[in-house]
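Everything below concerns the one structure shown next.
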Amino acid sequence: MSNSQRSAQLNSAKLARITNSGEKIAMLTCYDATFAKLSHAAGVDILLVGDSLGMVLQGSENTLNVLMTDMVYHTRCVAAGAPDAYIIADMPYSSYESGAEFAYQNAKLLIDAGAHMVKLEGGGNMVEIVRSLVEQDIPVCAHLGFTPQSVGRLGGYRIQGKTEESAQIILQDAIAMSDVGVSFVLLEMVPAALAKNITEIIDVPTIGIGAGVDCSGQVLVLQDLLGIYSGQAHKHPDEFKSPRFVRNFLKDTGSIQAAVAAFVQAVKNKEFPAAEHSY
Ligand code: KIV
């Protein structure tokens with residue numbers, strides 16, 4: 001076993017200890033080696049190579065133009081910067097929806113690039129694809145609620161699960177994903193009460209973004225945490241209003257390292273998200 005395989009295994013064990021102990025999980029997006037090193041040293045439990053890189057790095061309107069080659073490249077960069085970190089990589093749009101074998105081939109590319117788990121969006125007919133990935137030993141995080149790759153179908157950046165019917169669909173999807181063996185369910189922009197209910201019912205930890213303090217952990221986009229994302233490249237910064245769930249941790253800290261460490265502490269102490277960041 002190589003040194004990096006050994007430390008990744010140690011990191012999986014550390015993660016299992018945190019999830020079993022009930023300690024809140026701090027996850028942060030990361031796309032390059034420098035921030036990977038810094039975030040890991042600041043105590044972030046999981047680095048997420050999110051397809052949000054389409055917006056924050058590539059300047060796109062949404063995440064739909066991100067390619068597998070982009071995700072493999074950035075996953076490699078993150079793994080190089082923090083070989084001991086636990087890394088989840090996003091499966092980009094069109095890399096998994098068409099069938100289990102195609103999804104497996106692409107997931108394997110991300111694992112080979114240094115990810116320990118892949119994340120994909122959607123419930124419903126994604127459940128069988130996820131079952132197949134898990135059966136082939138690919139750990140999966142299921143992303144439910146607001147799923148950015150479906151921004152068109154969802155009618156924009158909107159909170160999901162507000163009606164009894166839509167809340168039931170998200171709950172049932174979460175149960176189905178938990179039953180087929182996902183390792184995490186990520187809940188984006190859903191009412192805090194729904195996220196709390198899901199967290200109490202399913203067998204795996206939930207990670208929230210705009211989903212209230214009762215999830216098992218929290219994730220933010222690094223550039224949001226630092227208050228430096230000001231919208232799509234072609235738009236004037238004045239047109240951008242950051243979402244309710246974002247908190248600028250740099251404002252009160254003064255260095256990037258301290259801001260990331262403050263995020264980790266605020267998640268662990270259940271100070272973030274506060275009610276003002278939740279729906
Ligand atoms: O791509 C991403 O950064 C994400 C987070 C918003 C959770 O999926």
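We number each residue from 1, following the sequence as shown.
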Between atom [atom1] of [X] and atom [atom2] of [Y], what is the distance when rounded to the nearest 0.5 Å?
{"X": "M27", "Y": "I207", "atom1": "CE", "atom2": "CD1", "value": "4.0 Å"}
{"X": "L28", "Y": "L48", "atom1": "CG", "atom2": "CG", "value": "8.5 Å"}
{"X": "L38", "Y": "D32", "atom1": "CG", "atom2": "CG", "value": "10.0 Å"}
{"X": "T199", "Y": "L187", "atom1": "OG1", "atom2": "CG", "value": "6.5 Å"}
{"X": "I129", "Y": "E101", "atom1": "CD1", "atom2": "CD", "value": "11.5 Å"}
{"X": "H74", "Y": "C30", "atom1": "NE2", "atom2": "SG", "value": "11.0 Å"}

Using the rule that Ile, Leu, Val, Met, Phe, Trp and Tyr join whenever any side-chain heavy atoms are under 4.5 Å apart, tell me whether [X] and [Y] fall into a single cluster.
{"X": "L250", "Y": "V260", "result": "yes"}
{"X": "L67", "Y": "Y73", "result": "no"}
{"X": "L64", "Y": "M68", "result": "no"}
{"X": "I159", "Y": "I169", "result": "no"}

Please identify each residue that fulfils ring pair (Phe, Tyr, Trp, His ring centres under 6.0 Å) with Y279, with sequence neighbours left out. none
Looking at residues at least two apart in the chain, or sitting in another chain, which of them share a ring pair (Phe, Tyr, Trp, His ring centres under 6.0 Å) with F102? none
Is the shortest heavy-atom distance from the side chain of [X] to the side chain of [Y] under 4.5 Å?
{"X": "L133", "Y": "Y104", "result": "yes"}
{"X": "L171", "Y": "I175", "result": "yes"}
{"X": "Q232", "Y": "F240", "result": "no"}
{"X": "M71", "Y": "V49", "result": "yes"}
{"X": "I46", "Y": "I87", "result": "no"}
{"X": "H234", "Y": "E61", "result": "yes"}
{"X": "L220", "Y": "T29", "result": "no"}
{"X": "V151", "Y": "P148", "result": "no"}

Quick check against the 3.5 Å criterion: does [X] have a side-chain atom that pairs as donor or acceptor with the backbone of [Y]?
{"X": "S216", "Y": "T206", "result": "yes"}
{"X": "N269", "Y": "E271", "result": "no"}
{"X": "T147", "Y": "S150", "result": "no"}
{"X": "D173", "Y": "G124", "result": "yes"}
{"X": "K24", "Y": "C215", "result": "yes"}
{"X": "T75", "Y": "A113", "result": "no"}
{"X": "Y96", "Y": "E121", "result": "yes"}
{"X": "D90", "Y": "D51", "result": "yes"}
{"X": "S98", "Y": "S94", "result": "no"}

Surrounding OH of Y229 (heavy atoms of other residues, nucleotides or ligands, distance under 6.0 Å), is the total greater than 12? yes
Counting heavy atoms not belonging to E239, are there more than 12 under 6.0 Å from its CD? yes
With sequence neighbours left out, which residue pairs that include part of [range] fulfil the side-chain hydrogen bond (donor to acceptor under 3.5 Å, both in side chains) condition?
{"range": "residues 241-262", "result": "none"}
{"range": "residues 34-49", "result": "D45-K268"}
{"range": "residues 175-186", "result": "none"}

Yes or no on ring pair (Phe, Tyr, Trp, His ring centres under 6.0 Å) for H116 and Y86, after CA distance, side-chain angles and deciding distance? CA-CA 6 Å; H116 303 100; Y86 195 91; 4.9 Å; yes
Check: [X]/[Y] side-chain N/O donor and acceptor closer than 3.5 Å:
{"X": "Q105", "Y": "K108", "result": "no"}
{"X": "S132", "Y": "Q136", "result": "yes"}
{"X": "S95", "Y": "Y93", "result": "no"}

Start with the C-alpha gap between L144 and V185, add the side-chain angles, then the distance that decides, and say whether side-chain contact (heavy atoms from CB on, under 4.5 Å) holds. CA-CA 7 Å; L144 302 175; V185 168; 3.9 Å; yes
Please identify each residue that fulfils side chain to side chain donor-acceptor pair (under 3.5 Å) with D70, with sequence neighbours left out. Q58
